[in-house]
Amino acid sequence: MSDLVLEAVKVARYFDVSKPWLQRALTGGRRTTLRAVDDVSFAIPKATTLSLVGESGCGKSTVARLAVGLYEPTSGSIHFEGQPLSAARAQASLRRRMNMIFQDPYASLNPRWRVRDIVAEPLRAFRILTSPRDVVARVGELLTQVGLTPADGEKFPHEFSGGQRQRVSIARALSSAPDFLVCDEPTSALDVSVQAQILNLMRDLQQRLGLTYLFISHNLAVVRHMSDRLGVMYLGRIVEIGPGEEVFRTPRHPYTRLLLDAIPDLEMVGKARTPVGGEVPSPLAPPPGCPFHPRCPLANDRCRVERPGYTVAGGTLVACHAVEEGRGEARGYSTSAV
Amino acid sequence: MSAAHKTAPGAVARLLDSDFVYAYRRSPIAIAASLVAAICLLAALLAPWIAPHNPFDLASLNLLDSFKPPAFLAEGERAFPLGTDDQGRDLLSAIMYGARISLLVGILAVALALVVGISIGLTAGYLGGTVDAILMRVADVQLTFPSILIALLVDGIARALLPREMHEALEIYVLVFAIGIALWPQFARTVRGSTLVERGREYVMAARVIGLSSPRIMVSHILPNVLGPVLVIATINLGQAILTEATLSFLGVGLPPTQPSLGTLIRIGNDFLFSGEWWITVFPGIGLAMMVLAINLLGDWLRDALNPRLR
């Protein structure tokens, strides 16, 4: 167990999105809670990557923020290196070992700071290096490591392209020499050609520095490139989690199957594909039973009432009554929207 | 490293090449307003050296010189280009010294409002929740009162609390406090609004992941990004502050006649307006109007020049 970098057990995070008190009192509205993340468990062994995929609004980014302690879980527990996350974050020596790479390279760098100061910020915050000469040398080293030059440190973020900014962002994340990086859709704001460069860079760094990643994405192709383990999220829950290749080769949860069917590829050119029918239900009022049942081609009465627990299937965990009961395996999916 | 120095031109060269300087050169209003403002500022700053007389030096005043009309009128004397007031003070000198006091009070008051407004706005915007609600309700309540009323109230309280001589000696600071306190809510609201936007940006989250403290994030990350609009408001409010000081002095609750600001001079002249000595009121009035107009035009231009959407 000791080689687990991060372990989340039944983590939930609710947000109070009620109208202001006065408005509630006058119009008779109720408190409303948004269940961004509900009952999510996962573990990330050292030097591996866990990817989480899902549609917009399924709670991926909330999980990312929970994992670095930007949000406190409403219930459940998160452990970093065997210690409760909040206790770990209270110690600078453990806090410096985690960092985060953000989605939007245009918003994640302070526009008024020079790149050398942005990259050096963790060095200064944790007092890792104190002499200015050491800081300059280390910043140059970090910039070289991510494929920029030390001279780029003099520039401001707006002088860079999106991909270069994301490199700066990675250099900053690496500067306190962390072992655990949370990557919140690090490539989704980039051009496809640049995405590949950044992903390759991240893989190289992982191999060289022994990094552990929690990788959040909505792009299955990107995830396939990165993951050791893969979790598929739907409406705040992980519906299927297992070794990356196995999930791709034999997807079991109907939602995972539909997602994989929707990936464009050359063999499928010109053929009709199966879209995932309907809309994601509102997390303000999640459907009873299995959250996926309104869109699921295999749903029956049990799915509408009872929330599925996890079933072990091969190396994966699947939260689905249909998989548990073995129904629908042989049948193809109908394309009818629900 | 030498490559970096070659590619990055000097700060002055970059400033001269910027859109900002280009916009300035293209705007006759901005050039004229900044010239007038610069003349007012220089006249005020250099008054002790370039003014023909020292209006505060009671020994040099001669009552026989009182009520002299401006030099361009028949009865005027060349020694008093803009005439004299009821105590024989040279009006041109009095205006220069008065502008000095008006500008000093205005700048200090705006500086005070800036410090208070930025601190409160940053705190309210960054911390949010109850702190935000309380601070912003205070600002809202204060905004429902005209700023002149608040300044009158503060001045009245100071008068009641301080002994008379002390109050006269401290009058400038009382005025600065009164006007500064009247102006802070506008700064606080602007800063809070921008802070709410910046707070959600990912660079702030990056700083929080490292574990920086809230005050440090507010000062080193958010403040530089919210300062632009505030400085524009500060320029426009400088004119407002000078006018408020003039109004208070005109009403007789501002600076005493021994230390006349422009407002005090206008009030003194007001007593003699109907007996024909119009110049005592008119020239300080023109001076005040020019100064405030120049500052306001400059502020307006600054707002447009720094707003990319209006370009």
Side-chain angles (χ1 to χ4, degrees), chain A residues 20-22 61 64-65 67-71 88-92 94-96 98-118 121-126 136 140 149-157 159 165 169 172-173 175-176 178 181-182 184-185 189, chain B residues 1-11 13-15 17-20 122 126 128-130 132-134 136-137 140 191 194-231 306 308:
Chain A
W21 171 83
L22 193 60
S61 288
R65 289 171 189 184
V68 286
L70 285 177
Y71 293 151
R89 283 191 56 78
Q91 310 164 38
L94 277 177
R95 193 171 63 228
R96 62 176 272 197
M98 62 179 93
N99 215 327
M100 187 162 176
I101 299 170
F102 293 89
Q103 174 175 7
D104 182 359
Y106 292 87
S108 63
L109 306 175
N110 190 334
R112 307 268 164 177
W113 282 33
R114 281 181 199 277
V115 163
R116 56 158 195 248
D117 293 322
I118 293 174
E121 189 179 25
L123 296 174
R124 297 195 173 116
F126 292 118
V136 169
T149 63
D152 288 329
E154 296 300 313
K155 297 183 190 164
F156 284 96
E159 299 175 57
R165 283 163 181 243
S169 199
R172 168 179 61 190
S175 76
S176 61
L181 283 185
V182 174
D184 185 6
E185 308 220 22
Chain B
M1 285 309 288
S2 62
H5 286 295
K6 265 179 220 156
T7 50
R14 250 184 323 185
L15 185 69
D17 197 34
S18 64
D19 292 351
F20 185 72
L122 267 180
Y126 188 74
T130 321
D132 180 30
I134 292 173
M136 285 302 112
R137 286 306 83 71
D140 284 347
V191 171
S194 322
T195 304
L196 282 179
V197 175
E198 298 298 325
R199 177 179 74 164
R201 296 252 158 113
E202 288 176 343
Y203 71 86
V204 173
M205 246 174 259
R208 283 172 56 201
V209 172
I210 304 172
L212 291 190
S213 65
S214 298
R216 194 159 157 192
I217 293 175
M218 281 191 250
V219 173
S220 65
H221 280 285
I222 296 181
L223 183 60
N225 286 296
V226 300
L227 222 47
V230 176
L231 291 182
L306 293 181

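The sequence lines fix the lettering, A, B, ..., with proteins before strands; numbering per chain opens at 1. Values below: every heavy atom of this structure, side chains too, minus hydrogens, waters and symmetry copies.
- Heavy atoms closer than 4.5 Å to chain B are found in the side chain of A:Phe126, but not in its backbone.
- The nearest pair of heavy atoms linking B:His221 to A:Asn110 is ND1-ND2, 3.0 Å.
- Taking every heavy atom of both residues into account, B:Val209 and A:Arg95 meet most closely at O-CG, 4.1 Å.
- With a 4.5 Å cut-off on non-hydrogen atoms, B:Leu212 touches chain A through its side chain but not through its backbone.
- Interface check for chain B: of the options A:Gly153, A:Ala125, A:Pro111, A:Ala92, the most heavy-atom pairs under 4.5 Å are formed by A:Pro111.
- Expressed to the nearest 0.5 Å, how far CZ of A:Arg172 lies from OH of B:Tyr203 amounts to 11.0 Å.
- Heavy atoms closer than 4.5 Å to chain B are found in the side chain of A:Arg65, but not in its backbone.
- Of the atoms belonging to A:Arg112, heavy atoms from both backbone and side chain fall under 4.5 Å from chain B.
- Both the backbone and the side chain of A:Leu70 come within contact range of chain B, judged by heavy atoms closer than 4.5 Å.
- Atom-to-atom distance recorded for B:Ile210:CD1 and A:Met98:CE is 12.5 Å, nearest 0.5 angstrom.
- The residue among B:Arg216, B:Met205, B:Arg201 with the most heavy atom pairs within less than 4.5 Å of chain A is B:Met205.
- Minimum interatomic distance between A:Glu121 and B:Ala207 (heavy atoms only, all atoms of both residues): OE2-CB, 4.4 Å.
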